Amino acid sequence: AYVGYVGLGAAVLQALERPAEVQAAQHLLQEHWELLANHTCLQGPALQRLIEGIIQAYKSGITLQGNTTSLGRWDYSGSFFFSISAITTIGYGNLSPSTAVGRIFCIVFALFGIPLNLVLLNEIGQLMLLGVQHCAHRLEEVFHWQNKASLLMKTCALVTGLLLFLLLPPLLFSDKEGWSYEEGFYYSFITLSTIGFGDYVIGMNPDRTYPSWYKNVISIWILFGMAWLALVIKFCIHLLE
């Protein structure tokens, strides 16, 4: 069943994404040859080195803005967000240490940070469950409901979590990042599920100015959202078993 499910996913993704990949590759080659044809002073190897340099700089968080470059991914706010993405195992991949000392520190930091993060998420999840159980118990005492109270509170917790962690955050991302609602919802699920592709990451657009509280609030959202989604996934596991 597992191999069949993964194989089905691969077949669907190939059918959906392969044509777009081929089209993008053809468009890139066409622009490359048009640039060389229109600017005969450019040489192929020199242009290739420039392209590679731009790609490497972008991976390091540096982009060209006129005659200057943008910095800021490794300020304290950006570093704090990277630390959260590291120990939560999201690992967006758009930002990573470039120095040998930084990479070694990242290994040690994650080695102790990942277990600490799992303990914290477990505690947050237990508090959420205790809150739901306490509310259900109070409803049973007041209205003398039996199974209805537990089912009602679990449904309320599910709907509240959907609103707080998946349905409302895309509105904030649309305002601060300029994403569509679908892109914001996609980012929310990919982040909270710790898949973390890195194709969408908050606070990385050099053309936008972000408030100082933005990344800190998102970090808190990630922690509580991961705990809530872990409970939902745990419930799905019980259904599958």
Side-chain angles (χ1 to χ4, degrees), residues 1-2 5 9 77 80-92 109-177 179 181-197 200-203 211-241:
Y2 182 86
Y5 189 79
S77 178
F80 184 84
F81 188 72
F82 171 79
S83 299
I84 289 288
S85 68
I87 65 174
T88 54
T89 70
I90 295 173
Y92 289 112
F109 180 74
L111 185 63
F112 292 96
I114 291 173
L116 179 63
N117 179 72
L118 292 175
V119 170
L120 176 64
L121 291 181
N122 184 60
E123 290 296 323
I124 294 175
Q126 291 300 320
L127 287 174
M128 289 180 176
L129 281 177
L130 285 175
V132 171
Q133 291 171 357
H134 177 72
C135 292
H137 182 66
R138 292 291 298 171
L139 285 177
E140 288 177 1
E141 290 181 345
V142 175
F143 297 101
H144 304 289
W145 292 343
Q146 296 297 324
N147 297 328
K148 290 183 179 180
S150 178
L151 179 61
L152 177 63
M153 288 312 305
K154 288 179 179 178
T155 303
C156 289
L158 178 63
V159 172
T160 302
L162 280 172
L163 286 173
L164 290 177
F165 302 121
L166 288 178
L167 298 179
L168 293 180
L171 299 177
L172 175 64
F173 300 140
S174 297
D175 178 57
K176 300 301 179 184
E177 305 290 343
W179 299 341
Y181 185 86
E182 178 271 329
E183 290 171 328
F185 183 84
Y186 168 79
Y187 166 79
S188 298
F189 181 80
I190 293 299
T191 293
L192 298 184
S193 61
T194 73
I195 296 173
F197 288 124
Y200 290 92
V201 185
I202 59 106
S212 57
W213 51 264
Y214 183 50
K215 287 186 178 180
N216 297 329
V217 169
I218 297 303
S219 298
I220 297 173
W221 166 76
I222 287 175
L223 288 176
F224 282 88
M226 284 180 61
W228 171 82
L229 191 58
L231 293 176
V232 175
I233 292 175
K234 186 177 180 180
F235 175 73
C236 294
I237 290 173
H238 286 317
L239 287 180
L240 287 173
E241 289 179 342

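From a predicted model like this one, the values you see are computed outputs, not experimental measurements.
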Q.
Can you tell me how far apart CZ (Phe235) and CG (Leu240) are? Round to the nearest 0.5 Å.
A. 10.5 Å

Q: Could you pull out the closest heavy-atom pair between Leu163 and Pro169, with the gap in Å?
A: O-CD, 3.7 Å

Q. So which of Phe197, Phe173, Tyr200 actually passes ring pair (Phe, Tyr, Trp, His ring centres under 6.0 Å) with Tyr187?
A. Phe173

Q) Say you draw a straight line from OG of Ser85 to CD1 of Ile202; how long is it, rounded to the nearest 0.5 Å? A) 10.0 Å

Q. Hey, which of Leu121, Leu162, Thr160 is the one that makes side chain to side chain contact (heavy atoms under 4.5 Å, CB included) with Trp228?
A. Leu162

Q: Grab the two heavy atoms, one from Leu192 and one from Met226, that are nearest each other, plus how far apart they are.
A: O-CG, 3.5 Å

Q | Test side chain to side chain contact (heavy atoms under 4.5 Å, CB included) applied to Leu223 and Asn117, step by step | A | CA-CA 9 Å; Leu223 288 176; Asn117 179 72; 3.6 Å; yes

Q.
Go through it in stages, so that I can follow the logic: the residues are Leu168 and Trp221, the test is side chain to side chain contact (heavy atoms under 4.5 Å, CB included), and I'd like the CA-CA distance, side-chain angles, deciding distance and then a yes or no.
A. CA-CA 11 Å; Leu168 293 180; Trp221 166 76; over 6 Å; no

**Q.** Side-chain heavy atoms of Ser188 within contact of Phe165, under 4.5 Å
**A.** no

Q. How far apart are the closest heavy atoms of Gly203 and Glu177, and which atoms are they?
A. N-OE2, 2.8 Å

Q: Heavy atoms only: give me the nearest Phe81-Ile222 pair and the separation to one decimal.
A: CE1-CD1, 3.9 Å

Q) Do you know which two heavy atoms are closest between Val132 and Ala157, and how far apart they sit? A) CG2-CB, 3.7 Å

Q | Residue pair Cys135 / Met153: nearest heavy atoms and the distance that separates them | A | CB-CE, 3.3 Å

Q | Leu172 and Trp179: CA distance, side-chain angles, deciding distance, side chain to side chain contact (heavy atoms under 4.5 Å, CB included) verdict | A | CA-CA 9 Å; Leu172 175 64; Trp179 299 341; over 6 Å; no

Q: Could you go through the side chain to side chain contact (heavy atoms under 4.5 Å, CB included) check for Ile87 and Leu116 one step at a time?
A: CA-CA 8 Å; Ile87 65 174; Leu116 179 63; over 6 Å; no

Q. Hey, is CZ on Phe80 packed in by over 12 heavy atoms from elsewhere, all under 6.0 Å?
A. no

(Q) Can you tell me if Lys154 has over 12 outside heavy atoms packed within less than 6.0 Å of its NZ? (A) no

Q | Residue pair Ile233 / Leu229, side-chain heavy-atom distance below 4.5 Å | A | yes

Q: Report, as yes or no, whether the 6.0 Å neighbourhood of atom CZ on Phe224 holds more than 12 heavy atoms from other residues, nucleotides or ligands.
A: no

Q | Gap separating the OH atom of Tyr92 from the OG1 atom of Thr191, nearest 0.5 angstrom | A | 3.0 Å

